[in-house]
There are 2 protein chains.
Amino acid sequence: MLKNKKVTAMDVARLAGVSQSSVSRAFSENSSISSKKKKLILEAAEQLGYQPNAIARGLITNQSRIIGIVMRNIQNPFYPEVLDKFYSTLAEKGYKVMFINSQNNEIQEDEVSHLIEYSVEGAIITDALLTSSTVQKFTRNGISVVLFNRYVNDSLSSAVVCDNFAAGKRIGHYLIEKGHENLAFISGPMNTSTTVDRKNGFREALAEHGISSFLTENGLYSYEGGFAAAEKLLKRDKRIDALFCANDISAFGAMDYLKKQGIRIPEDLSIVGFDNVAMSDWSSYELTTWHQPIDEMVNDSISLLLEHINGDIDAPEIQRVEGHLVERGSVKDRRKGFS
Amino acid sequence: MLKNKKVTAMDVARLAGVSQSSVSRAFSENSSISSKKKKLILEAAEQLGYQPNAIARGLITNQSRIIGIVMRNIQNPFYPEVLDKFYSTLAEKGYKVMFINSQNNEIQEDEVSHLIEYSVEGAIITDALLTSSTVQKFTRNGISVVLFNRYVNDSLSSAVVCDNFAAGKRIGHYLIEKGHENLAFISGPMNTSTTVDRKNGFREALAEHGISSFLTENGLYSYEGGFAAAEKLLKRDKRIDALFCANDISAFGAMDYLKKQGIRIPEDLSIVGFDNVAMSDWSSYELTTWHQPIDEMVNDSISLLLEHINGDIDAPEIQRVEGHLVERGSVKDRRKGFS
DNA sequence: TTTATTTTTGAATACGTATGCAAAAATTGA
DNA sequence: TCAATTTTTGCATACGTATTCAAAAATAAA
């Protein structure tokens, strides 16, 4: 409850001796207001502690200046970095962030309703998907959406993703070119486009070297999952000499399993991750990994979203961004003449 | 821009053959509306895809149903866990989250303005402080605030903190009781109440054992900082046999430095952290650490905030929550008869 | 059936702001 | 100085909803 009555533009108007509409103009850009009057108004506002009410403004302009960020897996270190970057870039552009922590692979109806209810101007959805009915709901309510790091092949939603297929393929080639022969894959959940594309690229690379199959275990994109997946894989086949993990945090789990088993990295077994989170550079891991260019992906996502919001583009589009390999200490060069 | 005209309660009213106020009543609890009419209205709303407008509602009720969360150090794994918990508990209570990523030790004027502008009902400020002028600004605008994990001794702001002094003291006793004699401390920024209290508690414990001083280096609450601080400490005094790090992530950095130097943990040097983030349990670290009860702290913070919001309490209060030690593998029992 | 009481409902209004429109004021040019 | 033109400003209004108040409708009791 208010201890003090809320200060409004009407109060400022009275003190400054002008109208409420003049006060509004003093706080707007591109408004016609004399500098003398503007100065008086701003001084009165300062004295009264006036703060324009974004809710009232949003009602009349239909511009909430709010972007919704729907995020999953906030405890995967990749996503705090993504959130950090999204926040700072949106703040630069004058947007506020409504944060929605999601739990499911597909954004839920109530999450959609919340975003609509608050008239967010756009939404970034990270690591989750939209059904066609939620796409329609957003569209009908004039809310632009961009998927981050995931996409759906239904031509309904814009997305910015790392080129996961090319990355998986490049990693496959890299490991084989470094002399590995018995490769395995630790995936994420198999219903995610990130895992499917990384695995397919990896498969294609191996096929090009005459390797028609490889073992896969689901590491659930988590430390514990990677740990368990490594254990399963090594029980299935002790000849495995390289692991490609579909994300870094499951790679860390796999590495810790290997270390616990006395299997030396990279002497006995090489491992590659995906994401290049800060921890990949920590000396306990020194993980060779695929760098996802978060800054570029975030910038592209926001540019795409703002183009949709401003009506500059209408048709959905998927932008693929290329990452690059970061070689650290977790891959051995097994070719003859190297050690 | 809207492709379709926004559906409002007026549209639903026309389709259902009732008034706009009846539509509003159908979507409210504790309103007088016949069940027959309510059913008709809800069906019409479903058919039209009507979504009540929270912005309009907020304007008239002066209840935005938004809580601001101002967070720093989102990339410290402690804070994503905190955010996760805050989000789910607030969502259960029907609140939306406006997220503000902060960079400074003290919340900034523009951050305060953003929260006021959007009429957030309350704000949780994690790992940052308020000046007395920002406290006044919040108060004048009817916004309740609770500090999380930090507090100011000015009696102006409510806070929920771990009892850092008691924890630091307990850790000091623990290390000494385990036979360590040359202890050092890796702090966070010295202007943070968390570091000051943890250090003071540690100091008191050591004083009670006749140890009047110990070396300190600032680990900046970061991995890199912990790594560098460990290096500096070990250069200053090679006899150090235990490190108390003011948070886990700087402990991980310190541990990686020690490993790189071939200093075995805990055989050669014991280390204790603070927070008990998930990585503390990873087999590469197995860090003995002080567990901060995030669930309890978050629940208490939200309870306290809601009591302020509802006017049930007015005076600021500081609630201290106790954590507990989690013993893993990074502390050696150095007493005679143990090995 | 009529009167009294209770419940439901719609009309009117307010919330605080932005903006269209026209009047007032200021400026410019003859 | 006056007329023409431009700029500034205030009035009125709308944005979409919740709620007060009073009328209408429904229900209960005589």
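Chain letters run A, B, ... following the sequence lines, proteins first, then strands; residues in each count from 1. No hydrogens, no waters, no symmetry mates; every other heavy atom, side chains included, goes into these values.
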How many whole angstroms separate atom CG of B:L40 from atom P of C:dG10? 11 Å
For A:S144 and A:E121, which I'm curious about, is there any donor-acceptor pair between the side chains at under 3.5 Å? no
How are the rings of A:F99 and B:Y87 set relative to one another: parallel (under 30°), tilted (30 to 60°) or perpendicular (over 60°)? perpendicular
Using 4.0 Å as the upper bound for N to carboxylate O, is an ion pair formed by B:E81 and B:K85? no
Taking atom P of C:dC15 as reference, at what distance in whole Å does atom CD of A:Q51 sit? 20 Å
Please give me every residue in residues 17-26 of chain B whose heavy atoms get under 4.0 Å of an atom in DNA chain D, ordered by residue number. B:Q20, B:S21, B:S24, B:R25
What residues 29-37 of chain A contributes to the DNA chain D interface at heavy-atom separation below 4.0 Å is A:S32, A:I33, A:S34, A:K37
Going by atom types only, do A:N73 and A:D127 share a side-chain donor-acceptor pair under 3.5 Å? yes
Could you go step by step and tell me if A:T89 and A:Y95 meet the side chain to side chain donor-acceptor pair (under 3.5 Å) rule? CA-CA 9 Å; A:T89 308; A:Y95 285 96; over 6 Å; no
Check: B:Y79/B:N149 side-chain N/O donor and acceptor closer than 3.5 Å: yes
With each end axis built from five pairs of C1' atoms, what bend angle do you get for the helix from C:dT1-D:dA30 to C:dA30-D:dT1? Round to 10°. 30°
d(CZ, B:R14; P, D:dG16) in whole Å: 11 Å
For the pair made of CG in A:L59 and C1' in D:dC15, what is the distance, rounded to whole Å? 4 Å
Could you state the atom-to-atom distance from CD1 of A:I60 to C1' of D:dA14 in whole Å? 6 Å
Verify whether one side chain among A:E106 and A:Q108 offers a donor that lies under 3.5 Å from an acceptor in the other. no
Atom CZ of B:F27 and atom P of D:dA18: how far apart are they, to the nearest Å? 10 Å
Which part of the nucleic acid, if any, lies within contact of B:Y50, taking any heavy atom under 4.0 Å across all strands shown: a base, the sugar-phosphate backbone alone, or nothing? sugar-phosphate
Among side-chain atoms of A:S158 and A:Y151, is any donor-acceptor pair under 3.5 angstrom? no
Between C:dT17 (P) and A:M10 (CE): distance, integer Å: 10 Å
Do the side-chain N and O atoms of B:N62 and B:R57 include a donor-acceptor pair separated by under 3.5 angstrom? no
Which whole-number value in Å describes the distance from B:I116 CD1 to C:dG16 C1'? 16 Å
Test side-chain hydrogen bond (donor to acceptor under 3.5 Å, both in side chains) applied to A:R150 and A:T194, A:T192, A:N105, A:T126, the passing residue: A:N105
Is it true that A:T131 and A:T134 share a donor-acceptor pair across their side chains at a distance under 3.5 Å? yes
